[in-house]
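Inspection log for the structure reproduced underneath, given as structure tokens.
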Amino acid sequence: MASILRFRKLCYAVPLKLQSFEFSKVDQKQKVDKKEEDANVFLPAQDLLEVDDQKKKYPKQQQRKWRCIDSCCWAIGYLCTTWWLLFFLYHCFPATMPGFQVPESPGVRLKRDGLTALHPVVLVPGIVTGGLELWEGRPCSEGLFRKRLWGGSFTEIFKRPLCWLEHLSLHHETGLDPPGIRVRAVPGLVAADYFAPGYFVWAVLIENLAKIGYEGKNLYMASYDWRLSFQNTEIRDQALSRLKSKIELLCVTNGYKKVVVVPHSMGVIYFLHFLKWVETPPPMGGGGGPGWCAKHIKSVVNIGPAFLGVPKAVSSIFSAEGKDVAYLRAMAPGLLDSEILGLQTLEHVLRVSRTWDSVVSLLPKGGETIWGDLDWSPEEGHACQLVKKGNFQCSPNDNYTDAMRGFQIKETEKYGRIISFGKEESQLPSSQIPILNSKELLHGSATETVNSSCRGVWTEYDEMDRESFRKIAENKVYTSKTILDLLRFVAPKTMQRAETHFSHGIADNLDDPKYEHYKYWSNPLETKLPDAADMEIYCLYGVGIPTERSYVYKLSPNDKCKSIPFRIDTSADGDQNSCLKGGVYFVDGDESVPVLSAGFMCAKGWRGRTRFNPSGTATYIREYQHKPPASLLEGRGLESGAHVDIMGNVALIEDVLRVAAGASGSEIGGDRIYSDILRMSERINLRL
């Protein structure tokens, strides 16, 4: 009965109360003032004085002004709400919807055609895509034992960001573990199947391999700590020795079938290092002896290979920027640079990433011979206005017309100038550009007493004076040759440590004993392929996406201490069809790796018998024209050519499955080229 009465009151009594409030704001104020006067009539004089004092002391609270932090909070709220809504809809919708036919996966189709697992497959992940877990840490990491610090949900970034950054950093002198911290690679296929929940890396390829019969006994993920230099993965974790033993075991337990190795991104040059290490005598090498690769490896199927490095590694070391960060800073400067928020995001990123030797392995290799000088580059004649065209397949002997290329020909861009201070300097003739001798720069004054009164994140820039910054900017242009001197100047500890493990030149004489040192093994221009004539090497990569090639910089307007003194000049834009946008010059590629770096070695450096490929190992180029998803239901796309999304490209998956099932390069169609890689390779004057 009581419940019924309460319900009746809610339905009838409350609406009547609401009606009583339907009068103007003026009437409200008058009634409130009247009540106050009536109440004050019954108060003594002393109490009335106290009431007046209270009103003066606590005036009516004014409406709070809208602040930057409010905008950030609302933006985060909108993003989270949208994400949860999409997540809910994704799980509510049926697997098949009317009018949308889910395409058949390559694995199912090839299995129906009779394709079955034959050769064991080894997957080698690239930089940042492999998971890392904690085995020992500081007190702030309590409760995180064997929990993922990298990959997965990334929840620790929000819970304890500074502790998270501290544990991801390596020792700035040794490049190994800091005292009291042990972070190790996650083992198994789960190491890199998904980078984050719902964001696949290897998962789609693994699933399709499973469709034709692959499982744990013939499929292996060679995870490693991607932060370390390649030789340090062996020194600290014996990662190369474990990979050697696993390949030998896979061969023995699968009927002595040779292994198909599938590296991705930086994993490509990591495995190139392994090919030299495994046949080199101990203690520097694995002791497999000559012929080990010929005996154990059928094919190396390189996906998104960064053989000759990537220019974005330069901007990463120089200012912790790329095109995405530069655009974000231009659209929302308060998010990264606000003194009120005090995030110092880029300073933290710069400090941590400069402890990772692997970043230096991705700097451009080959100098001006490969990447061009002040007035020349292999990509001359390209513009970044993509041509709308359908996909097509070409034979290696086709003549590539301008209509078939992904980029239209226009006026020459000077891509060889990897860093230019000013838009004009990136375009002027070299005779009009003041050039400072790099030796003068290196021997100039670079240190000063660090101001301990400054609060913020320490970086190597804090040991440089403002005069040094001015000299760097006055030396208007840096090519792939002088860029190394620049990085040695602004990041001396990083470069000194990392250059004991990596080299970025071109060998004059590969028979010189110095090239037996491991620092040269990951550079395809300073090492030989193994003597394995029957082995095949594939270069599989996407094309048709504007990819970072060079940058326009400026001095940072922010003159506060403990900050990065340089930034990409996002105000530098070209005309409508120009390759310059937001301070970045673009060329053809897969969004991360330019075509030049991905395809040159397979197109020319290793094609036929060369001094880099003395046994004549066969090489094949398979390009995948980028096609964005037609709708949200396609996810990241079935024909994407983007650097990571290409792992879900159905054509690429089919090529990998056919090679794993025993097909040769000629049997899957030989070369398939959409880009201008052959013409670019012809323009490079490299002695073979």
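These numbers were taken from a predicted model, which means no experiment stands behind them. Worth knowing before you read on, the calculation uses all heavy atoms, side chains too, and leaves out hydrogens, waters and symmetry mates.
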Response to the item:
Nearest heavy-atom approach of Tyr541 to Ile621 is OH-CG2, 3.5 Å
Discussion item. Does any part of the side chain of Tyr478, heavy atoms only, come nearer than 4.5 Å to the side chain of Val314, both counted from C-beta?
Written reply: no
Discussion item. Determine whether Asp375 and Arg417 satisfy the following criterion, salt bridge (charged side-chain N to carboxylate O under 4.0 Å, His left out), listing intermediate values before the conclusion.
Written reply: CA-CA 8 Å; Asp375 296 313; Arg417 306 175 185 187; 3.6 Å; yes
Worksheet, complete the sentence: The side chain to side chain contact (heavy atoms under 4.5 Å, CB included) partner of Pro594 among Val310, Asp588, Leu308 is Val310
Worksheet item: Please walk me through it: do Arg567 and Ser319 pass side chain to side chain donor-acceptor pair (under 3.5 Å)?
Response: CA-CA 6 Å; Arg567 65 173 57 178; Ser319 64; over 6 Å; no
Worksheet, complete the sentence: Shortest non-hydrogen pair, Ile370 vs Ile506, comes out as CG1-CD1, 4.4 Å
Practice prompt. Verify, without hydrogens or angle tests, whether Trp376 (side chain) and Gly416 (backbone) share a donor-acceptor contact under 3.5 angstrom.
Written response: no
Fill in: Test item: side-chain donor near acceptor, His643 and Ser592, under 3.5 Å
no
Discussion item. To the closest 0.5 Å, what do you measure between CZ (Phe469) and OG (Ser556)?
Written reply: 10.0 Å
Practice prompt. Give a yes or no on whether the backbone of Ala239 and the side-chain of Asp237 come within a donor-acceptor separation of less than 3.5 Å.
Written response: no
Worksheet item: Between Asp511 and Arg611, is the closest basic N to carboxylate O distance under 4.0 Å?
Response: no
Item to complete: Run the ring-centre check on Phe154 versus Phe195 and record whether the distance is less than 6.0 Å.
Response: yes
Item to complete: Specify the closest pair of heavy atoms between Ala572 and Leu580, including all atoms of both residues, with the distance to one decimal.
Response: O-CG, 3.7 Å
Worksheet, complete the sentence: Heavy-atom nearest pair, Asp573 first then Gly582, reads OD1-N, 2.6 Å
Worksheet item: With a 4.5 Å heavy-atom cut-off, do Ile269 and Ser361 have their side chains touching?
Response: yes
Practice prompt. Examine distances only and state if a side-chain atom of Ser550 and a backbone atom of Ile418 form a donor-acceptor pair shorter than 3.5 Å.
Written response: no
Practice prompt. Report yes if the side chains of Trp226 and Leu132 come closer than 4.5 Å at any heavy-atom pair, otherwise no.
Written response: yes
Worksheet item: Is the closest side-chain heavy-atom distance between His626 and Ser640 below 4.5 Å?
Response: yes
Fill in: Test applied, ring-ring contact (aromatic ring centres under 6.0 Å, His included); reference residue, Phe230; option that passes from Tyr520, Tyr518, Tyr224, Phe502
Phe502
Practice prompt. Evaluate whether atom NZ of Lys276 has more than 12 neighbouring non-hydrogen atoms of other residues, nucleotides or ligands under 6.0 angstrom away.
Written response: yes
Worksheet item: Taking the side chain from Thr355 and the backbone from Arg351, do they hold a donor-acceptor pair closer than 3.5 Å?
Response: no
Discussion item. Using only atom types and a distance under 3.5 Å, with no angle test, would you say the side chain of Glu234 pairs donor to acceptor with the backbone of Leu240?
Written reply: yes
Worksheet entry | Closest contact, heavy atoms only, Leu374 versus Val477 | CD2-CG1, 3.4 Å
Worksheet item: Ignoring hydrogens and geometry, is there a side-chain-to-backbone donor-acceptor pair from Ser503 to Lys519 under 3.5 Å?
Response: no
Item to complete: May I ask you to test the Glu516-Met284 pair for a side-chain heavy-atom distance under 4.5 Å?
Response: no
Discussion item. What's the separation between atom CG in Asp671 and atom OH in Tyr538, rounded to the nearest 0.5 Å?
Written reply: 10.5 Å
Worksheet item: Any side-chain heavy atom of Val595 sitting closer than 4.5 Å to one from Asp676?
Response: no
Item to complete: Using ring pair (Phe, Tyr, Trp, His ring centres under 6.0 Å) as the criterion, list what pairs up with Phe318, not counting sequence neighbours.
Response: Tyr553, Phe566
Discussion item. Before you tell me yes or no, could you show the steps for Leu529 and Leu272 under side chain to side chain contact (heavy atoms under 4.5 Å, CB included), namely the whole-Å CA-CA distance, both residues' side-chain angles and the distance that decides it to 0.1 Å?
Written reply: CA-CA 8 Å; Leu529 287 178; Leu272 183 64; 4.1 Å; yes
Discussion item. Apply side chain to side chain contact (heavy atoms under 4.5 Å, CB included) to residues Glu347 and Ser563 and explain how you reach the verdict.
Written reply: CA-CA 7 Å; Glu347 285 80 2; Ser563 64; 3.7 Å; yes
Practice prompt. List in chain and number order the residues that pass ring pair (Phe, Tyr, Trp, His ring centres under 6.0 Å) with Phe612, two or more places apart in sequence or in another chain; answer none if no residue qualifies.
Written response: none
Worksheet item: Any side-chain heavy atom of Val301 within less than 4.5 Å of one from Leu540?
Response: yes
Practice prompt. Would you please say whether a donor-acceptor pair under 3.5 Å links the side chains of Thr610 and Asn613?
Written response: no
Worksheet item: Which value, rounded to the nearest 0.5 Å, describes the distance between Leu170 atom CG and Arg354 atom CZ?
Response: 15.0 Å
Worksheet, complete the sentence: Residue pairs meeting salt bridge (Lys or Arg N to Asp or Glu O under 4.0 Å), one or both in residues 305-318, sequence neighbours left out, come to Lys312-Glu548
Worksheet item: Between Lys423 and Asp569, is there a side-chain N and carboxylate O pair less than 4.0 Å apart?
Response: no
Discussion item. Once rounded to the nearest 0.5 Å, what's the spacing between atom OG of Ser377 and atom CD1 of Ile684?
Written reply: 9.5 Å
Worksheet item: Going by atom types only, do Ser420 and Tyr585 share a side-chain donor-acceptor pair under 3.5 Å?
Response: no
Practice prompt. Check step by step if salt bridge (charged side-chain N to carboxylate O under 4.0 Å, His left out) holds for Lys514 and Asp512.
Written response: CA-CA 5 Å; Lys514 78 173 186 178; Asp512 190 324; 5.3 Å; no
Worksheet item: Side-chain donor-acceptor pair under 3.5 Å between His504 and Glu499, yes or no?
Response: no
Worksheet item: Atom CD1 of Ile673 and atom OH of Tyr620: how far apart are they, to the nearest 0.5 Å?
Response: 13.0 Å
Worksheet, complete the sentence: Output for pair (Leu484 CG, Met495 CE), nearest 0.5 Å, gives 5.5 Å
Discussion item. If you define the side chain from C-beta out and look only at heavy atoms, does anything of Phe307 sit under 4.5 Å from Asn302?
Written reply: yes
Worksheet item: Can you check side chain to side chain contact (heavy atoms under 4.5 Å, CB included) on Leu350 and Tyr461, steps first, answer last?
Response: CA-CA 10 Å; Leu350 186 72; Tyr461 282 123; 3.9 Å; yes
Practice prompt. Could you go through the side chain to side chain contact (heavy atoms under 4.5 Å, CB included) check for Arg236 and Asp225 one step at a time?
Written response: CA-CA 10 Å; Arg236 194 195 72 176; Asp225 191 337; 2.9 Å; yes
Practice prompt. Measure from the side-chain N and O atoms of Glu321 to the backbone N and O of Ile568, and report whether any donor-acceptor pair falls under 3.5 Å.
Written response: yes
Discussion item. Using a 3.5 Å distance criterion without hydrogens, assess whether the side chain of Thr619 forms a donor-acceptor pair with backbone atoms of Cys602.
Written reply: yes
Discussion item. Any carboxylate oxygen within less than 4.0 angstrom of a Lys/Arg side-chain nitrogen, looking at Glu379 and Arg549?
Written reply: yes
Item to complete: Check whether any side-chain N or O of Trp371 sits under 3.5 Å from a backbone N or O of Gly366 as a donor-acceptor pair, and report yes or no.
Response: no
Worksheet item: Ignoring hydrogens and geometry, is there a side-chain-to-backbone donor-acceptor pair from Asp590 to Val543 under 3.5 Å?
Response: no
Worksheet item: How far apart are the closest heavy atoms of Gly309 and Ser597, and which atoms are they?
Response: O-OG, 2.8 Å
